[in-house]
Chemist: 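One structure coming up, written as structure tokens, with questions to follow.
Since this is a predicted model, take the numbers as computed values, not measurements. Throughout, a chain's letter reflects where its sequence line sits, starting with A, and its residues are numbered from 1.
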Number of protein chains: 2
Amino acid sequence: MVRKPATLKDVAALANVSRATAARALNSYGYVGDETAQKVQAAAEKLGYRGNRLAQALRSGQLPIVGCIVGDIQNPFFARIAHDVEVLARERGHNLVIGSSEEELAQEISLLASLRSLSIRGFIVAPTSQGNNAHLQGLIDEDVPLVLIDRVAEGVDCDSVVVDNEGGARKAVEYLIGMGHTRIGLLQDDMRIFTSRERRSGYRSALAAAAIAADDRMVAVSQSTVEHAVDATIRLFSQKSPPTALFTVDSLMTQGALLAFRSMGVSIPHDVSLIGFDDFNLATFTDPQITVVSQPVPEIGRAAARILFERLAGKDDAPQEIRFETKLIVRGSVSRRSGV
Amino acid sequence: MVRKPATLKDVAALANVSRATAARALNSYGYVGDETAQKVQAAAEKLGYRGNRLAQALRSGQLPIVGCIVGDIQNPFFARIAHDVEVLARERGHNLVIGSSEEELAQEISLLASLRSLSIRGFIVAPTSQGNNAHLQGLIDEDVPLVLIDRVAEGVDCDSVVVDNEGGARKAVEYLIGMGHTRIGLLQDDMRIFTSRERRSGYRSALAAAAIAADDRMVAVSQSTVEHAVDATIRLFSQKSPPTALFTVDSLMTQGALLAFRSMGVSIPHDVSLIGFDDFNLATFTDPQITVVSQPVPEIGRAAARILFERLAGKDDAPQEIRFETKLIVRGSVSRRSGV
DNA sequence: AGACGATGTGAGATCGATCTCACATATATT
DNA sequence: AATATATGTGAGATCGATCTCACATCGTCT
């Protein structure tokens with residue numbers, strides 16, 4: 001049995017009034033007689049009238065939906081953010097559409113285009129961020145609110161919520177240097193990604209400050225998945241003179257490195273020291289526990305959503321750029337290295 | 001500068017044709033002169049015409065969006081499923097709206113109501129599943145395709161993709177019994193949740209088969225988060241005669257139990273043996289590695305999405321009920337217990 | 001009593017895309 | 001030459017909700 005959802009027309013007919021009156025009664029605006037209003041309410045109730053948000057949206061030009069495009073929903077970092085955004089959106093009577101760019105610019109662009117044509121009200125995006133950000137600027141130009149998270153995009157003048165990647169990475173590497181390490185490896189993901197660049201830059205500046213020459217053989221690049229990170233770590237540590245310490249730029253890669261070390265029979269922190277960017281659930285389960293640079297993940301999604309809804313409410317001042325501090329959490333995965 | 005997106009009317013005006021002709025040219029149907037078509041294409045190009053999917057949807061009655069409502073997007077199990085569904089949806093030119101019921105029936109209902117009024121084409125839902133499933137049956141009645149995942153809902157006649165929870169749990173507990181354990185704890189989440197009930201049922205039947213009396217003091221209930229599981233585990237093991245082994249019903253709770261044991265100074269598997277339902281990334285990083293019952297997670301989302309799109313394409317045979325097998329993966333978190 | 005405001009209701013336009021129908025031409029067929 | 005058939009195009013209806021406007025009907029004030 002396929003019964004089409006009841007329309008306003010059906011309700012009006014049942015209540016013996018015009019569509020206009022029915023609309024007034026249901027949305028309580030304008031003048032409606034008490035008795036009429038009751039009749040309409042009753043009719044709506046009886047038919048299970050729910051209203052067609054599509055039609056409403058077409059009229060008003062806006063759908064109560066916000067979009068969130070992340071790099072990868074499987075990364076717990078983004079999952080947490082998406083979750084927080086969803087909660088806040090729901091509080092404001094909005095739904096959330098989630099897209100995953102999988103770090104492909106083309107995918108980000110097509111996702112955005114497809115969501116834009118839905119008249120989605122605003123976006124929270126973790127941009128893949130390379131040169132061409134016309135698709136993002138296009139949103140701004142059409143006055144569609146956009147909040148960037150985790151990463152900023154060059155030349156796009158909008159709100160953003162990021163963390164101090166460079167400072168965090170520097171703290172991590174300085175700590176390693178302070179513990180006597182000089183051959184410090186970096187396991188990073190694609191250089192096109194903003195955080196990857198910033199974290200590398202922190203890594204480099206810490207090395208430079210300690211007068212340690214940058215060495216490309218100490219740097220491995222892989223996609224941000226556990227599996228790819230395993231391979232990259234194994235390659236990095238299969239060299240003749242491998243690093244004595246490793247800094248990984250996100251939690252999936254940290255986990256990949258851990259797996260790789262286990263499979264290679266390399267012991268932490270005895271053989272190799274490890275610091276990861278971004279804390280994760282199980283960092284304290286391992287033996288030793290993993291030292292990390294932690295970011296205030298719960299703040300990020302909430303801050304971004306808060307800003308987005310302020311913009312939707314009409315706030316129109318200069319773009320905010322929020323940058324949260326990171327914190328070095330020392331656990332047991334780094335050991336002091338004496339001499340070389 | 002706020003330029004409204006170009007409409008078909010704009011394109012038609014620029015190309016000096018009627019809206020009808022412009023539509024024909026852009027969607028290539030009906031008869032259109034070559035020259036006219038070119039003109040229209042050029043005009044559309046020039047104006048950056050993208051079309052308003054809302055208006056199209058209002059006309060056609062369908063928005064190319066599917067919805068996915070999970071219990072908690074932060075649970076890696078659901079994150080993985082959502083990811084897989086999103087990928088498949090995108091392949092079919094659909095977007096995905098994700099909602100999280102947070103295991104609240106009321107939230108599931110309101111989420112579904114709000115998405116239904118968007119004329120969303122179909123749903124994949126992990127139902128909170130208690131008695132009243134009218135909201136789900138309502139979808140079926142209106143011919144909106146619905147695929148249940150992870151859990152089935154009583155009295156709702158639709159496709160479903162689940163795993164053999166009872167069998168998996170029984171395997172786990174039988175294994176513990178085979179290793180000499182008799183005081184076997186169960187850390188489960190809310191009994192209203194289908195998987196929780198099924199897994200408990202497997203736990204009980206394994207005990208019964210071994211003639212071990214069920215003992216409520218061996219069972220702890222908590223929400224499915226790492227934090228709640230920590231507390232519940234501590235309570236469970238603070239009794240005078242605590243379990244010698246623990247079976248946890250999902251990966252977040254397994255992680256909570258691990259954290260709790262660590263904080264209590266309880267050593268695995270020496271003091272307590274542990275088996276978790278659902279494998280997780282770091283299960284092999286811990287020392288010892290965690291023995292688990294694994295489910296074919298990548299299959300679940302894909303299977304559900306595949307079925308959903310078949311239904312959307314018009315397939316109309318009897319509902320499928322897919323039930324995947326689980327696998328006991330023996331690692332090192334269970335030790336043999338001699339005597340009592 | 002006449003006028004003005006408050007109250008209540010309906011007809012019709014609108015949002016943007018699509019589709020049916022009617023009406024043109026042009027070419028082909030007898 | 002007359003009739004079919006193919007080809008092109010536009011006017012207007014439609015999807016469902018909302019809003020403006022016009023038109024009632026009251027009551028009240030001078």
Side-chain angles (χ1 to χ4, degrees), chain A residues 2-41 43-44 47-65 93 114 116-121 142, chain B residues 2-41 43-44 47-65 93 114 116-121 142:
Chain A
V2 184
R3 46 178 158 91
K4 291 260 149 287
T7 71
L8 185 62
K9 201 166 142 190
D10 301 331
V11 174
L14 183 59
N16 259 312
V17 296
S18 70
R19 282 150 43 242
T21 302
R24 275 188 284 255
L26 293 172
N27 303 317
S28 32
Y29 70 93
Y31 292 108
V32 197
D34 278 358
E35 198 182 336
T36 314
Q38 307 248 332
K39 259 195 315 182
V40 174
Q41 297 286 1
L47 296 175
Y49 174 72
R50 272 194 314 273
N52 181 329
R53 280 163 82 200
L54 238 48
Q56 297 167 335
L58 175 60
R59 189 101 223 297
S60 68
Q62 313 196 304
L63 202 51
I65 294 188
S114 122
R116 257 175 104 174
S117 62
L118 279 175
S119 312
I120 278 184
R121 298 195 64 196
E142 288 189 11
Chain B
V2 186
R3 45 179 160 91
K4 292 255 150 289
T7 71
L8 185 62
K9 204 166 141 191
D10 302 330
V11 174
L14 182 58
N16 259 312
V17 296
S18 70
R19 283 151 40 244
T21 302
R24 275 187 285 254
L26 293 172
N27 302 317
S28 34
Y29 70 92
Y31 292 108
V32 198
D34 278 358
E35 199 183 337
T36 315
Q38 307 249 331
K39 260 195 314 183
V40 173
Q41 298 286 1
L47 296 175
Y49 174 73
R50 273 194 312 274
N52 181 328
R53 280 162 82 198
L54 238 48
Q56 296 167 337
L58 175 60
R59 188 101 223 297
S60 69
Q62 315 196 304
L63 203 51
I65 294 186
S114 121
R116 258 174 103 174
S117 63
L118 279 176
S119 314
I120 278 184
R121 297 195 65 197
E142 289 189 11

Chemist: Go through residues 10-22 of chain A and report each residue with a non-hydrogen atom lying under 4.0 Å from DNA chain D, sorted by number.
Modeler: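 Those residues are A/Arg19, A/Ala20.
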Chemist: Could you say whether B/Ala37 or B/Ala55 is positioned toward the 5' end of DNA chain D, judged by the nucleotide with the nearest heavy atom to each?
Modeler: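 Final value for this comparison: B/Ala37.
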Chemist: State, to 0.1 Å, how close A/Val11 and A/Ala44 come at their nearest heavy-atom pair, and which atoms those are.
Modeler: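 Closest heavy-atom pair between A/Val11 and A/Ala44: CG1-N, 3.8 Å.
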Chemist: Touch check for A/Gly51, heavy atoms < 4.0 angstrom, all strands: base, sugar-phosphate only, or nothing?
Modeler: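 Sugar-phosphate, no base atom in range.
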Chemist: Which distance, rounded to the nearest 0.5 Å, do you find between the CD1 of A/Ile65 and the CZ of A/Arg121?
Modeler: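 Separation between the atoms: 11.0 Å.
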Chemist: Kindly indicate whether the side chain of A/Asn52, heavy atoms from C-beta on, has any atom under 4.5 Å from the side chain of A/Pro5.
Modeler: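 Not touching, per the 4.5 Å side-chain cut-off.
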Chemist: So, taking the atom named CZ in B/Arg50 and the one named OG in A/Ser117, what distance separates them when rounded to the nearest 0.5 Å?
Modeler: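 Nearest 0.5 Å value for the CZ-OG distance: 7.0 Å.
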Chemist: Got A/Leu8 and A/Leu26 here, is their nearest side-chain heavy-atom distance under 4.5 Å?
Modeler: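 They are in side-chain contact.
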Chemist: Locate the shortest heavy-atom distance separating B/Ala43 from B/Ala15; write the atom from each residue and the value.
Modeler: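 Nearest pair, atom of B/Ala43 first, then B/Ala15: CB-CB, 4.0 Å.
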Chemist: Students often get this wrong, so: under 4.0 angstrom with heavy atoms, is A/Gly61 touching a base, only sugar-phosphate, or nothing?
Modeler: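 No contact at all - A/Gly61 keeps every heavy atom at 4.0 Å or more from the nucleic acid.
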Chemist: B/Leu63 and B/Arg53: which non-hydrogen atoms are nearest, and at how many Å?
Modeler: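 Shortest heavy-atom separation between B/Leu63 and B/Arg53 comes out as CD1-O, 4.0 Å.
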Chemist: Tabulate protein N/O versus nucleotide N/O from nucleotides 3-7 of chain C, keeping only pairs under 3.5 Å, one per line.
Modeler:
from: C/dT7; atom 1: OP2; to: A/Tyr31; atom 2: OH; distance (Å): 3.2

Chemist: Select base, sugar-phosphate, or nothing to describe what B/Ser60 touches, counting heavy atoms under 4.0 Å on all strands.
Modeler: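 If one applies the 4.0 Å heavy-atom cut-off, B/Ser60 turns out to touch nothing in the nucleic acid.
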Chemist: Taking 5' to 3' order, which nucleotide of DNA chain D is first and which is last to have an atom within less than 4.0 Å of a heavy atom in chain B?
Modeler: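 Nucleotide range in contact with chain B: D/dT7 to D/dG16.
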Chemist: Within this structure, what is the CG-OH distance for the pair A/Asn27 and A/Tyr29, rounded to the nearest 0.5 Å?
Modeler: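 One finds 6.5 Å between CG of A/Asn27 and OH of A/Tyr29.
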Chemist: Which atoms form the tightest heavy-atom contact between B/Ala25 and B/Ala37, and what is the distance?
Modeler: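 For B/Ala25 and B/Ala37, the tightest heavy-atom pair comes out as CB-CA, 4.0 Å.
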Chemist: I need the A/Gln56 CD to A/Arg59 CZ distance, nearest 0.5 Å.
Modeler: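 CZ of A/Arg59 is found 11.5 Å from CD of A/Gln56.
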Chemist: Give B/Arg24 one of three labels, base, sugar-phosphate or nothing, depending on what nucleic acid heavy atoms sit under 4.0 Å from its own.
Modeler: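 Here B/Arg24 touches the bases of the nucleic acid.
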Chemist: If I take atom OG1 from residue B/Thr21 and atom CZ from residue B/Arg24, how far apart are they, to the nearest 0.5 angstrom?
Modeler: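 Taking OG1 in B/Thr21 and CZ in B/Arg24, the distance rounds to 4.5 Å.
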